[in-house]
Engineer: 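Take a look at this one; I'll ask things after.
Atoms within a ligand are numbered from 1 in the order they appear, just like the ligands themselves. Bear in mind that the values here come from a model prediction, so they are computed numbers and not experimental data. Heads up: numbering here begins at 1 and tracks the sequence.
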Amino acid sequence: VNLDRMVEGILKRDPLALGKAITLLESDAPTHWPDGDQLLERLQKLNSNETLRLGFSGPPGVGKSTFLDTFGSWWVNQGFSIAVVAVDPSSDKSGGSILGDKTRMSRLAKSPMAFVRPSANRGRLGGVHASLPSVLMVLEKANFDLVVVETVGVGQSEVAIHSMVDQLILLMQPGSGDDLQGIKKGLLEYGDVFLVGKSDMSPQQANLTRQYLLSSIKILKGRDCPVFPISGLVPEHNQSFYDYSKSLKIDPERRKTMKAQWFQHLLESRVLSLLRSEFDSASTGGGPKRWNQTLRNYKERLGASDVLPFTKCSLD
Ligand SMILES: Nc1nc2c(ncn2[C@@H]2O[C@H](COP(=O)(O)OP(=O)(O)OP(=O)(O)O)[C@@H](O)[C@H]2O)c(=O)[nH]1
Ligand SMILES: [Mg+2]
């Protein structure tokens with residue numbers, strides 16, 4: 001890896017250099033870590049300004065990507081740049097990240113002021129990879145005016161993402177009171193700002209949902225939180241959130257704990273990766289997938305037997 005050229009490319013916001021840097025940082029292969037660490041150290045020395053980091057989370061299909069495409073395009077039209085990392089929920093199964101067309105941000109992706117990147121989800125930290133803070137740092141050093149992460153809200157991911165961004169925006173489904181009873185309290189606890197999605201379908205229902213959220217959040221948190229109806233398809237519904245978004249700020253308190261969390265996630269993830277790679281190189285005749293395959297074999301055998309998971313047994 002030519003780090004000089006990579007840093008230069010990052011500073012120019014060259015999508016190719018940004019893409020390569022992110023791939024390097026997301027690597028679980030211990031041989032890639034020294035280069036990635038050095039890259040971050042060099043960027044760190046550049047002393048640029050901090051960039052507002054927003055998390056957008058919400059249940060699958062609630063309209064996160066569609067809205068980010070619309071919101072991002074508006075943002076770019078205001079003369080600002082934006083970087084979006086979309087944590088791809090499906091990549092867990094396929095084992096790798098899926099290409100850009102899957103992020104549903106085709107309009108934004110075409111803008112020279114925007115950088116859109118799907119990120120691998122390796123099923124840890126509720127779908128957020130431990131390298132995400134490193135990726136966000138690269139985008140921050142590239143001097144984007146706004147850095148956004150899209151994650152699928154499954155409960156656990158909100159907790160992880162909350163410590164990685166300045167503000168966590170939760171996109172909620174419009175629904176009847178009964179549907180809303182089912183919203184996990186934990187989910188509401190981690191949100192800083194709430195959006196009621198797809199409000200073009202029924203503005204009336206979106207408003208009812210908004211009222212319900214306002215009062216539930218007040219009870220739960222003991223304070224008010226902003227709730228806006230939005231639509232990814234009809235931008236006219238978004239004006240109040242657009243106006244509000246200009247007032248969103250970096251949270252210095254959260255920034256303090258961010259690094260400690262980053263350290264912990266990275267440490268845990270690297271310990272596991274080291275174990276896996278030790279295992280792979282120690283096992284004879286196994287390809288790079290030896291750990292995964294062994295794990296799968298064990299799981300299959302365990303499912304069909306009455307041996308307990310911690311009982312010493314041999315596969316052959
Ligand atoms: N009516 C209406 N439909 C929408 C809106 N936003 C998204 N949709 C539709 O809802 C579906 C899911 O939209 P996405 O933007 O991919 O939702 P998502 O939350 O990013 O989904 P995942 O990333 O898979 O969790 C698509 O078929 C969209 O066309 C909206 O504001 N109004
Ligand atoms: Mg999406």
Engineer: On a heavy-atom basis, I'd like to know which of Lys198, Met105, Gln173, Glu150 is closest to atom 9 (C) of ligand 1.
Structural biologist: Lys198
Engineer: Are any of the N or O atoms of Gly63 closer than 3.5 Å to those of ligand 1?
Structural biologist: yes
Engineer: Give yes or no for whether the N/O distance cutoff of 3.5 Å, strictly under, is met between Phe67 and ligand 1.
Structural biologist: no
Engineer: Relative to the heavy atoms of Met201, which atoms of ligand 1 are at a distance of less than 4.0 Å?
Structural biologist: 1 (N)
Engineer: Where is the tightest heavy-atom contact between Pro59 and Leu171, given as atom of each residue plus distance?
Structural biologist: CD-O, 3.4 Å
Engineer: Pick from Ser163, Ser131, Ser134: which one makes a side chain to side chain donor-acceptor pair (under 3.5 Å) with Trp262?
Structural biologist: Ser134
Engineer: Are Tyr244 and Phe228 close enough that their ring centres sit under 6.0 Å apart?
Structural biologist: yes
Engineer: Would you check whether His237 reaches within less than 4.0 Å of ligand 1, judged by its heavy atoms?
Structural biologist: no
Engineer: Of all the heavy-atom pairs spanning Leu213 and Met172, show the shortest one and how long it is.
Structural biologist: CD1-CG, 3.9 Å
Engineer: With atoms numbered from 1 as shown, which atoms in ligand 1 lie under 4.0 angstrom from a non-hydrogen atom of Ser231?
Structural biologist: 31 (O)
Engineer: At a non-hydrogen distance cut-off of under 4.0 Å, which region of Lys64 contacts ligand 1 (side chain, backbone, both, or neither)?
Structural biologist: both
Engineer: With no hydrogens and no angle check, is any side-chain donor or acceptor of Asp145 less than 3.5 Å from a backbone partner on Ser81?
Structural biologist: yes
Engineer: Among the N/O/S atoms of Glu150, which is closest to the Mg ion (ligand 2)? Give the atom name.
Structural biologist: OE2
Engineer: Backbone or side chain, does any N or O of Val152 fall under 3.5 Å from an N or O of ligand 1?
Structural biologist: no
Engineer: Less than 6.0 Å separating the ring centroids of Phe241 and Phe71?
Structural biologist: yes
Engineer: So, Thr66 and the Mg ion (ligand 2): N/O/S under 2.8 Å, yes or no?
Structural biologist: no
Engineer: Which of the numbered atoms in ligand 1 are under 4.0 angstrom from any heavy atom belonging to Asp200?
Structural biologist: 1 (N), 2 (C), 30 (C), 31 (O), 32 (N)
Engineer: Could you tell me which non-hydrogen atom of Leu108 sits nearest to which non-hydrogen atom of Ser73, and how far apart they are?
Structural biologist: CD1-N, 3.6 Å
Engineer: Any salt bridge linking Arg53 with Asp166? Criterion: basic side-chain nitrogen under 4.0 Å from a carboxylate oxygen.
Structural biologist: no
Engineer: Is the shortest N/O to N/O distance between Gly61 and ligand 1 below 3.5 Å?
Structural biologist: yes
